[in-house]
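Note sheet for the following structure.
All values below were derived from every heavy atom in this structure, side-chain atoms included, with hydrogens, water molecules and symmetry-related copies excluded. Every number for a ligand or one of its atoms is a count from 1 in the order of the listing.
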Amino acid sequence: MPNKLKIFNTYTREVEEFRPIKDGEITIYCCGPTVYNFQHIGNFKSFINEDIIIRSLRYIDYKVEHVMNITDVGHLTGDNDEGEDKMAVAMRREGKKSYEIADYYTDIFFKDWDALNLLRPNTVCRASEHIEEMINLIKKIEANGFSYTANGNVYFDVSKFKNYGKLAKLDLSKLKAGSRVEIDKDKKNHQDFVLWFTRSKFTNQELQWDSPWGKGYPGWHIECSAMSMKYLGEKFDIHCGGIDHVPIHHTNEIAQSEAATGKAWVNYWMHMEFLCVDNEKMSKSSGGFITLSELIEMGFRPEDYRMFLLSGHYRQQLNFSKNALENAKRNIDKLRTQYFKLKSESTNKKNISEKYVEEFKAGILNDINTPQALASMWKMLSDDELDADVKLGTLLNFDLVFGFGIKDWKEETIDDKEAINLLEKRNKAREDKNWEESDRLRDELIQMGYKIEDSNGSSKLVKI
Ligand code: AMP
Ligand code: ZN
């Protein structure tokens with residue numbers, strides 16, 4: 001049985017034994033949303049997977065410092081400096097100012113975040129509020145000889161950085177020949193990227209700041225390097241994000257951070273696989289995306305979506321379908337029924353099954369294997385050797401990782417008068433030992449969609 005955390009490090013493509021920089025503590029940075037539109041449930045797959053990773057790290061007793069950014073400037077429609085600023089697109093679409101767009105979508109993002117029961121990061125930082133830190137970092141990169149200025153823009157020169165593309169295992173020669181990139185004649189190498197724009201292609205760019213290179217605004221990647229280092233130090237433990245960030249965004253983050261400090265930056269890279277629709281990544285550009293509100297309108301609860309995600313590993317693609325969600329919903333229904341039953345049977349003693357906690361932990365330590373951890377939960381719940389107190393205590397303990405928010409679940413009150421009336425009649429029939437009549441009433445209730453749960457001398461209706 002393993003007793004050490006093992007995680008898959010994208011940087012080495014290996015499952016490694018995790019060793020924190022500082023004993024007992026973990027510093028972790030996760031790339032946050034670009035607030036120019038709604039975040040869809042695909043984006044939230046990454047955030048929920050990250051939430052479960054962070055919950056797991058805390059569960060195994062690490063003190064975790066979690067930082068996430070909010071991108072409200074500089075992210076172009078193409079990750080490699082192609083296209084238009086996403087915020088500018090939204091401004092045109094909605095006829096609003098940049099900060100109004102950012103505030104509006106940030107607000108909705110955190111409403112969904114809370115509804116999905118994600119833990120708030122220790123620090124949430126907005127790009128537009130950290131321009132000074134970005135400028136200082138670009139100055140260091142420039143002083144170390146990794147940048148050049150062409151036609152007003154400051155570029156990172158990838159040919160100067162020895163390990164460029166190591167994270168993504170990029171073969172630069174192949175990329176150069178085959179890639180379809182908008183030609184920017186000012187770039188020395190295809191993979192060079194903008195650190196600071198001044199000669200904007202968008203003359204109406206609303207957000208601009210003074211800088212040593214002229215009035216302008218930052219490239220997208222520099223914000224994550226500048227803000228993570230500000231809040232976590234020049235070297236930290238884990239950097240997370242969606243798998244799409246490997247070839248460009250994270251590759252460029254590494255290059256510019258290490259060019260600025262002259263030392264290795266992040267120890268472990270963890271990437272979340274996509275949520276797909278018909279085997280294609282769910283994305284805003286393809287139009288076929290679903291938001292949490294839409295999912296709720298379809299009759300699902302936030303915890304149903306969590307259950308759906310937990311049934312896969314964070315490094316596994318999941319295909320969204322109504323069927324798959326219905327399956328997850330049934331599992332949550334089953335869990336709710338079991339939870340309320342245990343609650344009514346328990347004597348409020350907080351007992352825990354060491355055996356199942358060990359088994360559950362083994363799943364967590366195995367690269368946060370949530371399907372394995374879920375299997376332990378179902379096994380524990382159906383173990384006849386355990387009493388209600390132990391089952392309840394162990395379930396709530398596991399929920400520290402799952403994050404269903406079980407302890408706050410409220411039982412649905414049933415106000416179906418006809419059903420309540422039948423239940424009372426059935427109870428009376430039982431008191432009179434009229435078993436035939438009591439069975440008949442029980443079956444009638446089942447026909448109406450209710451089952452009866454008897455415990456501690458009382459009985460109640462539960463929706464089937
Ligand atoms: P964005 O707002 O586009 O910067 O994306 C926010 C986060 O969602 C990033 O970490 C992306 O990698 C991630 N992401 C985008 N689409 C998906 C998807 N279909 N499945 C999982 N994660 C995604
Ligand atoms: Zn980032």
Which heavy atom of the protein is the closest neighbour of [atom], given with residue, atom name and distance?
atom: atom 20 (N) of ligand 1; answer: L275 N, 2.9 Å
atom: atom 22 (N) of ligand 1; answer: S46 OG, 2.8 Å
atom: atom 9 (C) of ligand 1; answer: H245 NE2, 3.5 Å
atom: atom 19 (N) of ligand 1; answer: M282 O, 2.8 Å
atom: atom 8 (O) of ligand 1; answer: N43 ND2, 3.0 Å
atom: atom 10 (O) of ligand 1; answer: G242 N, 3.2 Å
atom: atom 4 (O) of ligand 1; answer: T34 OG1, 3.1 Å
atom: atom 21 (C) of ligand 1; answer: G42 O, 2.9 Å

Report the distance from atom [atom1] of [X] to atom [atom2] of [Y], rounding to the nearest 0.5 Å.
X: C31; Y: E253; atom1: SG; atom2: CD; value: 4.5 Å
X: N9; Y: E17; atom1: CG; atom2: CD; value: 13.5 Å
X: S376; Y: E358; atom1: OG; atom2: CD; value: 11.0 Å

For ligand 1 and [X], I'd like to know whether there is a polar contact (N/O to N/O, distance under 3.5 Å).
X: F47; value: no
X: W220; value: no
X: E273; value: no
X: F274; value: no

[Y] versus [X], side-chain donor and acceptor atoms under 3.5 Å:
X: N69; Y: Y29; answer: yes
X: N252; Y: Y164; answer: yes
X: Q39; Y: W113; answer: no
X: Y356; Y: N397; answer: no
X: T12; Y: E16; answer: yes
X: D186; Y: N153; answer: no

(request) Check whether the ring centres of H245 and H271 lie less than 6.0 Å apart, and answer yes or no. (result) no
(message) Are Y268 and F236 an aromatic pair, judged by ring center distance below 6.0 Å?
(response) no
(message) Listing by chain and number, which protein N, O or S atoms are under 2.8 Å from the Zn ion (ligand 2)?
(response) C31 SG, C224 SG, H249 NE2, E253 OE2
(message) Is the terminal nitrogen or CZ of K343 (NZ for Lys, CZ for Arg) located under 6.0 angstrom from the six-membered ring centre of W409 and within 45° of that ring's axis?
(response) no
(message) Under the side chain to side chain donor-acceptor pair (under 3.5 Å) test against Y314, which residue among D367, N369, N49 passes?
(response) D367
(message) Is the contact between D244 and ligand 1 made by the side chain, the backbone, both, or neither, using heavy atoms and a 4.0 Å cut-off?
(response) side chain
(request) Mind checking whether Q39 contacts ligand 1 via backbone (N, CA, C, O), side chain (CB onward), both or neither, at a 4.0 Å heavy-atom cut-off? (result) side chain
(request) Would you indicate which of K284, H40, K281 comes nearest to atom 3 (O) of ligand 1 when only heavy atoms are counted? (result) K284
(request) Could you tell me if any non-hydrogen atom of P33 lies under 4.0 Å from any atom of ligand 1? (result) yes
(message) Check D157 with K160, please: is the shortest side-chain N to carboxylate O separation under 4.0 Å?
(response) yes
